[in-house]
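What follows is a single structure, written as structure tokens, with notes after it.
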Amino acid sequence: MPPSPSPPTGAPPSAADANEAIRRFVRARRGRSWTDEDRAEYARLLEIWTLAVRGAVVEVV
């Protein structure tokens, strides 16, 4: 599995870092069928990204 955004401080990653992790993940699987594990990891990365975006929106408001 590729590295995923999880800083040692326990703080959520920035939306940009989470987005980059998703891009790396998808690029690494270009041209091949995804396994169940791939789909589960993609869903986990999307959840991290969603939390990061929500956190950024709350900070702005």
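Note that this is a predicted model, so its numbers are computed, not measured. FYI, side chains are in, hydrogens and waters are out, and symmetry mates aren't considered; it's all heavy atoms of this structure. We number each residue from 1, following the sequence as shown.
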Under the salt bridge (Lys or Arg N to Asp or Glu O under 4.0 Å) rule, collect the residues that match up with Glu20, sequence neighbours excluded.
Arg27
Are Arg44 and Glu47 within salt-bridge range, i.e. N to O under 4.0 Å?
no
Within this structure, what is the [atom1]-[atom2] distance for the pair [X] and [Y], rounded to the nearest 0.5 Å?
X     : Y     : atom1 : atom2 : result
Thr35 : Arg29 : OG1   : CZ    : 7.5 Å
Asp38 : Glu41 : CG    : CD    : 8.5 Å
Asp17 : Ile22 : CG    : CD1   : 11.5 Å

Is the backbone of Ala16 close enough, under 3.5 Å, to the side chain of Asn19 for a donor and an acceptor to pair up by distance?
no
Testing the basics here: between [X] and [Y], what is the closest heavy-atom pair and its distance to 0.1 Å?
X     : Y     : value
Pro13 : Ile48 : CG-CG2, 3.4 Å
Val53 : Ala15 : CG2-CB, 3.8 Å
Trp49 : Ala18 : CA-CB, 3.7 Å

Using the test side-chain hydrogen bond (donor to acceptor under 3.5 Å, both in side chains), find all partners of Ser33 that sit at least two apart in sequence or belong to another chain.
none
Go through the structure and list residues passing side-chain hydrogen bond (donor to acceptor under 3.5 Å, both in side chains) with Arg30, not counting sequence neighbours.
none
Ring-plane angle category for Phe25 and Trp34, please: parallel below 30°, perpendicular beyond 60°, tilted otherwise.
perpendicular
